[in-house]
*Asks:* 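Dropping a structure here in structure tokens format, bear with me for questions.
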2 protein chains.
Amino acid sequence: MGSSERKERQKVELQQQILSAAKEIVSRDGFAALTMRKIADAIEYAPGTIYLYFENRDEIAKQLCRQGYRELLECLKPTAAILDPRARLRAMAGAYVQFGSSNSATYRLIFMEDPKFTDAALSAVPIPQGGGYANDSSNGAGIQAFQLLVAVFDALKANRSLRADADSTRLAEIFWTSLHGIVSLKLTCSSFLATTSEELVTSATDLFLAGLE
Amino acid sequence: MGSSERKERQKVELQQQILSAAKEIVSRDGFAALTMRKIADAIEYAPGTIYLYFENRDEIAKQLCRQGYRELLECLKPTAAILDPRARLRAMAGAYVQFGSSNSATYRLIFMEDPKFTDAALSAVPIPQGGGYANDSSNGAGIQAFQLLVAVFDALKANRSLRADADSTRLAEIFWTSLHGIVSLKLTCSSFLATTSEELVTSATDLFLAGLE
DNA sequence: GTCTATAGGCTGATAGAC
DNA sequence: GTCTATCAGCCTATAGAC
């Protein structure tokens with residue numbers, strides 16, 4: 001059945017093309033401007049054709065979210081290799097804020113838009129339908145990214161820099177919310193904050209580490 | 001000119017009615033669902049009539065934002081009276097997060113939606129047109145709220161709990177971003193965070209204060 | 001598989017009657 | 001000042017021709 005395999009490849013290929021066009025529209029005009037017609041125009045197909053590859057607009061948005069989490073994870077991974085936990089936390093925080101600033105549309109989509117998309121993509125999920133996204137490492141990428149942060153606090157414990165009975169998950173959540181606050185407020189209230197993102201994340205991380213002592 | 005004054009009063013009255021209807025729609029269905037037609041239905045007027053009281057939809061959104069900042073300010077004001085700066089910071093942080101959780105639609109609108117509305121309402125502005133909103137204390141309410149937070153750090157300095165050369169504005173920005181992170185992430189990623197808002201804000205504030213030492 | 005065409009809905013905003 | 005009617009546009013999704 002080599003012919004059916006070819007068809008499968010072609011299907012995945014056009015799905016990727018659709019997602020790629022969708023991503024560009026979101027980056028350029030924002031998520032609200034993502035319409036089936038615009039995608040169709042971009043890939044030079046008729047609007048109806050897209051429905052052969054995705055059930056509806058929401059399904060495209062969810063896939064876009066999953067991809068966004070994957071990108072975030074890839075962005076944080078290099079910092080996870082840093083041995084010194086304090087240096088690692090600083091690097092990871094910097095990478096996170098950098099990611100949010102450089103990929104603002106993606107960041108908005110995965111963390112500031114609709115819980116419907118955020119939650120669906122954040123949690124680990126099986127294949128939605130059609131089985132088209134089988135060998136997809138994106139499942140749970142958001143959770144994996146969060147685990148990288150949790151691991152920093154485990155490392156701090158191993159280091160005796162943190163009480164052994166401290167709750168790593170909880171500390172990771174507190175730290176994450178503060179990073180998210182910096183990125184998201186900068187995206188919406190850019191003109192009000194006098195401090196740059198870089199200064200904010202540096203100071204916030206230093207204060208946080210100082211508070212842990 | 002008693003008759004023209006009556007007309008002015010009636011105009012303001014209907015403007016208030018429009019804003020009030022708009023607020024309810026946003027609270028119930030979200031900002032994207034705010035349409036002129038729905039407002040018109042709610043106040044039992046024809047859609048076109050609204051344009052006699054507001055230039056367009058954006059103008060309504062901006063007024064809604066200004067009102068939101070005013071509400072936030074009112075919510076924080078009582079805590080500003082607390083003398084001990086540490087207790088004041090804790091109370092203010094709690095009130096802020098409480099406000100965001102209880103008024104999620106308003107919070108989304110003023111801090112998570114469109115910079116166009118956020119910035120316009122956050123900064124102090126003169127009367128937009130028509131002079132209808134003259135005796136309006138909402139101008140700069142967002143800034144006033146932020147100043148309440150800055151004052152806490154000034155108080156900590158006066159208290160010798162903080163170095164005299166510390167930058168109060170900067171510390172306020174860092175602290176504010178962390179509060180905003182808690183509220184906004186809870187609004188979008190509610191199911192992912194294991195910790196409650198109340199626990200997050202308590203721990204974050206304690207860590208922050210500890211870091212300041 | 002892809003097209004055209006369209007159903008059936010929504011939107012902001014305006015013109016002109018009363 | 002308020003109405004009705006409507007313009008001009010957008011949207012998702014589907015049906016049926018090829």
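In what follows, every heavy atom counts, from backbone to side chain, and hydrogens, waters and symmetry copies are set aside. Sequence lines set the chain letters: A, B, ... in the order given, protein chains first and strands last, and positions in each chain run from 1.
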*Asks:* When you check the phosphate oxygens OP1 and OP2 of dT2(C), does a side-chain N or O of Tyr53(A) lie under 4.0 Å from one of them?
*Replies:*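 Checking Tyr53(A) against dT2(C): at least one side-chain N or O falls below 4.0 Å of OP1 or OP2.
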*Asks:* What's the closest nucleotide to the Ala46(A) side chain, out of dT2(C), dT4(C), dA13(C)?
*Replies:*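 The closest nucleotide is dT4(C).
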*Asks:* Counting only side-chain heavy atoms from C-beta out, which of dT2(C), dA13(D), dT6(D) sits nearest to Leu14(A)?
*Replies:*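 That would be dT2(C).
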*Asks:* Quickly work out the Arg57(A) CZ to dC10(D) P distance and round it to whole Å.
*Replies:*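 Distance check: Arg57(A) CZ to dC10(D) P gives 16 Å.
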*Asks:* How long is the line joining CD1 of Ile18(A) and P of dG1(C), in whole Å?
*Replies:*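 Result: 13 Å.
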*Asks:* For residues His180(B) and Tyr107(B), establish whether the separation of their ring centroids is below 6.0 Å.
*Replies:*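 Yes; Tyr107(B) has its ring centre under 6.0 Å from that of His180(B).
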*Asks:* Hey, are Lys23(A) and Glu71(A) close enough for a salt bridge, meaning a charged N less than 4.0 Å from a carboxylate O?
*Replies:*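 Looking at Lys23(A) and Glu71(A), the cut-off is met.
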*Asks:* In whole angstroms, how far is the C1' atom of dG1(C) from the CD1 atom of Ile43(A)?
*Replies:*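 Taking atom C1' of dG1(C) as the reference, CD1 of Ile43(A) is at 12 Å.
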*Asks:* Side chain of Leu52(B): nearest nucleotide among dA13(D), dG1(D), dG1(C)?
*Replies:*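 Between dA13(D), dG1(D), dG1(C), the one nearest the side chain of Leu52(B) would be dG1(D).
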*Asks:* Of all the choices, dA13(C), dT2(C), dG1(D), which nucleotide is nearest to the side chain of Tyr45(A) once you look at every atom?
*Replies:*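 The listed nucleotide nearest to Tyr45(A)'s side chain is dT2(C).
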*Asks:* Nearest-Å distance, CD1 (Ile60(B)) to C1' (dT11(C))?
*Replies:*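 Result: 14 Å.
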*Asks:* Can you measure Ile50(A) atom CD1 to dC3(C) atom P for me and round it to whole angstrom units?
*Replies:*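 Answer to the nearest Å: 10 Å.
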*Asks:* Does Thr35(B) place a side-chain N or O at less than 4.0 Å from the phosphate oxygens OP1/OP2 of dT11(C)?
*Replies:*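 Yes, Thr35(B) has a side-chain N/O under 4.0 Å of OP1/OP2 on dT11(C).
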*Asks:* Is it true that Glu24(A) and Arg28(A) make a salt bridge, defined as a side-chain N closer than 4.0 Å to a carboxylate O?
*Replies:*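 Judged by the 4.0 Å cut-off on N to carboxylate O distance, Glu24(A) and Arg28(A) do form a salt bridge.
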*Asks:* Regarding Leu34(B), tell me which of base, sugar-phosphate or nothing describes its non-hydrogen contacts under 4.0 Å with the strands shown.
*Replies:*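 Contact class for Leu34(B): sugar-phosphate only.
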*Asks:* Using atom CZ of Arg37(B) as one end and atom P of dC10(C) as the other, report the distance to the nearest whole Å.
*Replies:*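 So the two atoms are 9 Å apart, to the nearest Å.
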*Asks:* If you look at every heavy atom in Arg57(B) and Ala32(B), which pair is closest and at what distance?
*Replies:*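 In terms of heavy atoms, the two residues are closest at NH2-O, 4.3 Å.
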*Asks:* Measure the distance from CZ on Phe54(A) to C1' on dA13(D) and round it to the nearest whole Å.
*Replies:*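 The answer, rounded to whole Å, is 16 Å.
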*Asks:* Mapping Pro47(B) and Met36(A) to their closest nucleotides on DNA chain D, which lands nearer the 5' end?
*Replies:*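 Comparing both residues, the 5'-ward one is Pro47(B).
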*Asks:* Rounded to the nearest Å, what distance is computed from the CD atom of residue Gln15(A) to the P atom of nucleotide dG1(C)?
*Replies:*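 Whole-Å distance recorded here is 12 Å.
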*Asks:* Is the Phe111(A)-Tyr69(A) ring centre distance short of 6.0 angstrom?
*Replies:*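 Phe111(A) vs Tyr69(A): aromatic centres under 6.0 Å.
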